[in-house]
Amino acid sequence: MASLKDLKNRIASVKATQKITKAMQMVAAAKLRRAQEAAEAARPYALRMTAVLENLAVGVAGRDGAPQLLVGTGRDHVHLLVVCTAERGLCGGFNAQIARLAREHIRKLLAAGKTVKIVTVGKKGADSLRRDYGHLIVDRIELRGVKSVGFDHASSVQSKVMQLYAAGEFDVCTLFYSRFQSVISQIPTAARLIPAELPVREASSAALYEYEPGEPEILEDLLPRAIAMQIFTALLENAASEQGARMSAMDNATRNAGDMIKKLSLEYNRTRQAMITKELIEIISGAEAL
Amino acid sequence: MAGPFKFELVSPERLLLSEQVVQVDLPGTDGDFGILEGHSPFISTLRPGVATITMPGGAVQKIFVRGGLAEVSATGLTVLAEKAMPLSDLKADEIAAEIRNAEEDVTDAASESARQAAALRLAQMKDLAGALKAA
């Protein structure tokens with residue numbers, strides 16, 4: 001049986017751990033609120049952007065000379081996967097879930113004989129994909145030390161993707177991130193970036209706009225921006241998801257630590273009482289023997 | 001005088017302005033234009049420049065916008081700008097930073113078309129800096 005001193009030490013150490021997890025949970029809760037606000041604030045822009053794009057796409061799609069970003073290269077041989085994860089761990093299954101979804105996709109694509117290239121955003125995704133598919137990673141972007149994701153970060157990811165696209169490095173680009181549903185549920189999601197995925201709408205529903213300069217020019221200007229926006233939205237959702245996941249993971253950890261403390265204290269008290277009883281028996285039987 | 005209409009200025013990070021205004025002058029890619037109430041549906045890209053907003057009552061607000069798009073629909077005017085800030089907050093060194101950025105883009109551009117686009121942006125930024133100095 002463990003000695004009293006050992007038990008005492010263990011209780012103290014579990015208590016210290018509990019304090020840390022509790023603090024992390026509260027920090028995550030505060031950060032989550034901020035992340036949610038940021039995601040909320042980005043919504044109007046994204047909505048308007050999609051609305052304008054839809055209107056434009058209806059007019060341009062199907063016509064010759066439509067921008068490549070919209071219709072793709074016409075092939076789907078080389079796939080680029082942009083995998084967005086967190087910079088830090090200790091957030092439950094958050095990073096693992098995204099990596100798993102990406103891994104499934106990679107397996108399917110490879111089985112179908114496609115070429116796969118990976119760009120990772122965030123350190124954790126790179127770490128977990130490196131083991132199996134390290135040779136497929138063409139670039140890693142780390143957002144270390146970034147307190148809150150700004151549009152500039154999304155832009156830098158976007159310009160990387162655009163550079164690869166311009167160089168003809170891939171045909172189809174898919175973005176992996178985690179959609180924030182609630183604190184306890186984040187859904188790993190794959191969204192196609194290039195060619196752009198737009199809901200098909202009837203041409204008649206589009207308002208008749210006057211365009212300056214022409215439609216194709218606007219579309220060409222707008223599509224890269226829309227991609228940046230999509231990445232930005234994904235990063236924001238990811239940030240909210242990460243904090244949500246961390247919050248519930250730390251909540252669990254705090255509770256587990258509490259359980260453990262209870263169990264250890266019980267054991268400690270039992271041991272203490274057993275020792276007292278033992279000493280009493282020794283004294284009494286010693287006195288009786290006289 | 002024309003009546004007020006709904007004007008919204010949105011950046012990716014937040015909704016900056018949502019108000020009833022009388023007139024908005026914007027720097028379009030093909031030239032400046034003004035929007036009054038009841039304008040026909042219209043979409044234009046913007047070059048970096050200054051948007052001048054006239055409030056009901058005649059107060060004027062100047063806002064720097066970069067990389068954007070203006071959309072006029074039946075419900076009002078929406079400006080989507082990658083970056084937007086009140087002109088009074090825009091310092092000379094920030095403009096200088098923007099110009100440096102644009103210059104880097106020109107040198108870094110991978111393809112000829114990208115280089116041309118970057119060069120155009122650079123020229124637009126320099127125009128703006130000149131105009132601001134003159135003002």
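All chains are named by letter (A, B, ...) in the order of the sequence lines, taking the proteins before the strands, and each is independently numbered beginning at 1. On a predicted model such as this, the values are computed, not experimentally measured, just so you know.
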Heavy-atom pair count under 4.5 Å with chain B, highest-scoring of [options]:
| options | answer |
| --- | --- |
| A/R225, A/M229, A/E40, A/E37 | A/R225 |
| A/V52, A/T233, A/L236 | A/V52 |
| A/A41, A/S159, A/A228, A/A42 | A/A41 |

Can you see which heavy atom on [X] is nearest to which on [Y], and at what distance?
| X | Y | value |
| --- | --- | --- |
| B/L80 | A/Y45 | CB-CE1, 3.6 Å |
| B/T45 | A/P213 | OG1-CD, 3.3 Å |
| B/G68 | A/D221 | O-OD2, 4.3 Å |
| A/R48 | B/T78 | CD-CG2, 3.3 Å |

[X] versus chain A, the contacting section by heavy-atom distance below 4.5 Å:
| X | answer |
| --- | --- |
| B/E8 | side chain |
| B/E13 | both |
| B/I43 | both |
| B/S40 | side chain |
| B/A70 | neither |

A quick test of your reading: do over 12 heavy atoms of other residues, nucleotides or ligands sit less than 6.0 Å from NZ of A/K114?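 Buried by this count: over 12 neighbours within 6.0 Å.
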Is it the case that over 12 heavy atoms from other parts of the model lie below 6.0 angstrom from the NZ atom of B/K62?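 No - once you tally the heavy atoms of other residues, nucleotides and ligands closer than 6.0 Å, there are 12 at most.
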B/H39: what forms a ring pair (Phe, Tyr, Trp, His ring centres under 6.0 Å) with it, not counting sequence neighbours? B/F42
Side chain / backbone / both / neither for A/F232 at chain B, heavy atoms under 4.5 Å: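 Just the side chain, heavy atoms under 4.5 Å.
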Measuring heavy-atom distances to chain B, does A/L222 have an atom under 4.5 Å in its side chain, in its backbone, in both, or in neither? side chain
Measuring from atom CG of B/L15 to atom CZ of A/R43, what distance do you get when rounded to the nearest 0.5 angstrom?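 Separation between the atoms: 13.5 Å.
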Output for pair (A/D152 CG, B/E82 CD), nearest 0.5 Å, gives 8.0 Å
Mind ranking B/G28, B/A81, B/S73, B/P12 by heavy-atom pairs under 4.5 Å with chain A and telling me who comes out on top? B/P12
